[in-house]
Amino acid sequence: MARVVFKNVEKEFVDGNKETFIAVKESNFTIEDKEFVVFVGPSGCGKTTSLRMIAGLEKQTRGDIMIGDRVVNKLHPKDRDIAMVFQDYALYPHMTIRENLSFGLKNLKQPKDVIAKKVKDASEVLGLDHLLDRKPKELSGGQRQRVAVGRAIVRDPQVFLFDEPLSNLDAKLRVQMRVELAELHKRLEATIVYVTHDQIEAMTLGQRIVVMNKGQIQQVASPTDLYQKPENMFVAGFIGSPPMNFIDVIYEHGKVTMEGAQFELPEHCAHALRAYEGKKLVLGIRPEHLFGEDITMGVPDTYALTSTVQVVEQLGSENLVYFRVGERMVTAKLHPDSDARVGQMKKFLLDMSKVHFFDVETEKRIPMKFMSA
Amino acid sequence: MQSKGKIAVLGVSITMLVMWGIITIIPLYWMIIGSFQDSYADASMKISMWPEVWSFEPFSRFFDKTMAWRWLLNSLIVSSILTVTNVFFASLAGYAFAKLHFPGRNAIFWILLMTMMIPTQVTLIPLYILVIDVFNLKDSYMGLILPSIVSVGNIFLMKQYMSTLPTSLIHAARIDACSEFGIFYKIILPMAKPGLSVLAIFSFVFHWNDFFWPLLVTESEAMRTIQVGLAGFKFADTTDFGAIMAGATVASLPMIILFFALQRYFLQGITIGAVKG
Ligand SMILES: Nc1ncnc2c1ncn2[C@@H]1O[C@H](COP(=O)(O)OP(=O)(O)OP(=O)(O)O)[C@@H](O)[C@H]1O
Ligand SMILES: [Mg+2]
């Protein structure tokens with residue numbers, strides 16, 4: 001019913017010096033009905049602007065936006081059948097929680113008993129029943145957050161818009177609310193567009209994720225696909241923690257050469273890279289796909305590089321081991337029992353089925369068919 | 001030691017402040033005390049710091065000889081209406097300049113600000129001609145009120161104040177199907193209450209004490225405001241100190257009461273001015 005579609009949407013701002021700044025560039029995507037889509041990216045990349053354009057709080061400079069089957073370009077926010085949860089919650093400070101929840105419904109001239117019932121239902125779902133007669137300033141951060149969600153729920157919209165709703169909560173509450181939001185999505189059966197700069201929030205909540213950088217969409221994919229098949233170096237470096245390692249290599253005659261190692265590539269890799277004969281490439285490998293030599297896990301010994309351990313961080317569940325390859329610092333996520341010590345020369349094995357190659361110029365991933373594991 | 005130095009500094013500051021307070025309060029004290037001694041009657045022309053005989057005669061003479069009740073009423077009408085119009089228009093305009101986007105917003109605001117740079121003396125004569133000759137408003141409430149319906153200074157103050165209110169609330173209300181005027185009336189005004197109270201109090205005090213414009217526009221005794229009337233009374237009757245003092249007391253009493261009743265807001269007003277230039 002309520003898809004959200006962006007067609008070549010762009011947003012330009014004109015600043016005080018009459019210079020135009022493009023906040024969102026050539027944005028194209030389709031959010032399916034009842035889908036939970038997360039927009040993620042670094043600060044200032046245009047996430048909030050995109051969300052505001054869906055809400056109608058900001059008018060796009062070019063392009064079309066559709067909600068459901070309607071082009072909503074000229075529709076007022078109240079007519080778009082959306083509800084929004086703001087980062088600072090934006091609760092009306094002079095109204096009680098009950099008044100906050102019912103304000104929108106009153107404006108829509110809904111009958112009193114309907115409003116009362118909707119407020120009651122929503123406050124029960126969110127555990128706000130005993131707080132209805134308080135003012136927002138008498139609530140804790142987590143409770144205010146629930147009220148903000150409640151105000152959206154009572155509207156019963158086609159599309160929910162969330163702008164970093166958890167960023168003002170402490171870490172523990174954030175995890176709890178994350179779970180509650182996921183449950184809420186199942187219960188509400190509504191389309192949700194959710195903005196965050198926290199990639200863990202994005203990975204755990206989103207059915208699909210839109211990764212943005214500098215106003216441009218980098219990739220739209222499921223969490224697994226983003227992790228396994230990042231479109232480019234930005235996505236690869238943004239998703240996953242610690243981020244993917246990048247190593248400068250030169251490709252020649254089916255072999256890659258880097259500082260401290262040279263090895264022959266499997267057949268399918270070499271085939272995909274044949275256009276790059278004699279050229280520089282960037283090899284990408286995630287920290288969790290590097291192994292200390294003691295735990296080989298079936299990884300052939302041929303794909304190994306040797307370097308001096310620079311730093312070891314013990315996190316309890318794992319050890320993060322840092323070492324240098326050429327100019328770049330590389331991280332390996334090793335088993336906590338691994339014996340890595342600072343200053344030690346150590347051999348690291350690469351899981352070649354998890355290795356990516358990126359074009360140096362375009363920073364795009366060079367696609368290759370993996371043998372099924 | 002350090003604490004000794006601190007005490008010395010504190011002592012000096014307190015002494016200075018007390019002295020400053022006394023200097024400030026003496027004229028006020030003298031005015032009030034003066035209005036309770038009838039030097040006119042015994043022809044001594046003397047006002048002492050403490051009256052030998054307390055008398056209400058100066059007050060009754062002031063009210064008998066003049067149209068003081070009418071003047072007070074005039075002042076009350078003019079100041080109240082101007083307070084309402086200033087709060088109303090300055091908050092609307094301030095909100096628009098702070099939070100709404102419309103073509104020419106900055107240009108209009110700059111033009112308004114520029115009018116603040118022009119001294120009132122420069123515009124006084126054209127304004128006088130406009131109000132008296134063109135609009136023919138001499139000696140009327142309209143003539144007293146119209147030129148001050150809203151001041152640019154108040155618009156500026158409200159713009160600064162309104163821009164401190166979070167924009168997300170306006171967005172939330174817009175999504176909540178609230179009309180644009182509803183947003184102003186139901187969301188912005190209640191949130192801006194502290195700022196509006198300060199503006200209201202300052203407007204009232206300013207217009208109550210205003211002298212020059214009412215002097216120019218009013219002609220008949222009946223249209224004078226209390227300040228203008230009092231000045232005229234001083235000219236007419238230079239010898240009756242007691243009654244002059246009584247008149248001055250009457251004219252300032254509402255302000256004194258207002259100040260003590262709303263002290264909190266006066267102090268707040270000082271900080272509001274301090275937030276942004
Ligand atoms: N009203 C505006 N006028 C001018 N520039 C703006 C305006 N709103 C946003 N921008 C600019 O557009 C860019 C994108 O802003 P946006 O708020 O969408 O970022 P974001 O991705 O939500 O970042 P964050 O994670 O910090 O919230 C920023 O560089 C910002 O400075
Ligand atoms: Mg944002």
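In what follows, every heavy atom counts, from backbone to side chain, and hydrogens, waters and symmetry copies are set aside. We name chains A, B, ... by the order of the sequence lines, and we start the count at 1 in each one.
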**Study point:** Over 12 non-hydrogen atoms of neighbours within 6.0 angstrom of CE in B:Met142
**Key:** no
**Study point:** Part of A:Phe86 lying under 4.5 Å from any heavy atom of chain B
**Key:** side chain
Practice item. Using a cut-off of 6.0 Å, state whether more than 12 heavy atoms not belonging to B:Tyr185 lie near its atom OH. Key: no
Exercise for review: May I ask you to check whether over 12 heavy atoms, not counting those of A:Lys7, lie within 6.0 Å of atom NZ?
Suggested key: no
**Study point:** Flag, side chain of A:Arg151 to backbone of B:Ala172, donor-acceptor distance under 3.5 Å
**Key:** no
Check your understanding: If you measure from CZ on B:Arg174 to CE on A:Met84, what distance do you get to the nearest 0.5 Å?
Key -> 12.0 Å
**Study point:** Heavy-atom neighbours of B:Leu17 CG exceed 12 at 6.0 Å
**Key:** yes
Point to revise | Closest approach of A:Ala90 to B:Leu169 (non-hydrogen atoms, all atoms of both residues) | key: O-CD2, 3.1 Å
**Study point:** Ion pair check, A:Lys106 and B:Asp176, cut-off under 4.0 Å
**Key:** no
Exercise for review: Might you confirm whether atom NZ of A:Lys117 has over 12 heavy atoms from other residues, nucleotides or ligands at distances under 6.0 Å?
Suggested key: no
Check your understanding: Got a sec: does the CZ of B:Phe102 have more than 12 other heavy atoms crowding it under 6.0 Å?
Key -> yes
**Study point:** Max heavy-atom pair count under 4.5 Å with chain B, selected residue of A:His94, A:Lys78, A:Arg155
**Key:** A:His94
Review point. Considering only heavy atoms from C-beta outward, does the side chain of A:Arg52 approach that of B:His171 to under 4.5 Å?
Key: yes
Revision key, fill the gap. Most contact-rich option vs chain A, by heavy-atom pairs under 4.5 angstrom, among B:Ser179, B:Pro166, B:Ser168, is B:Ser168
Practice item. Name the member of A:Asp79, A:Val85, A:Leu91, A:Leu105 that forms the most heavy-atom pairs with chain B at distances under 4.5 Å. Key: A:Leu91
Point to revise | Residues, nucleotides or ligands: over 12 heavy atoms within 6.0 Å of B:Tyr141 OH | key: yes
Practice item. Identify the two heavy atoms, one from B:Ile175 and one from A:Ile82, that lie closest to each other, and give their separation to 0.1 Å. Key: CG2-O, 3.8 Å
Review point. How far apart are the C-alpha atoms of B:Lys186 and A:Asn107, what are their side-chain angles, what is the distance that settles it, and do they pass the side-chain contact (heavy atoms from CB on, under 4.5 Å) test?
Key: CA-CA 11 Å; B:Lys186 291 184 195 159; A:Asn107 289 330; 3.7 Å; yes
Check your understanding: Above 12 or not: heavy atoms from other molecules or residues under 6.0 Å from NZ of B:Lys99?
Key -> yes
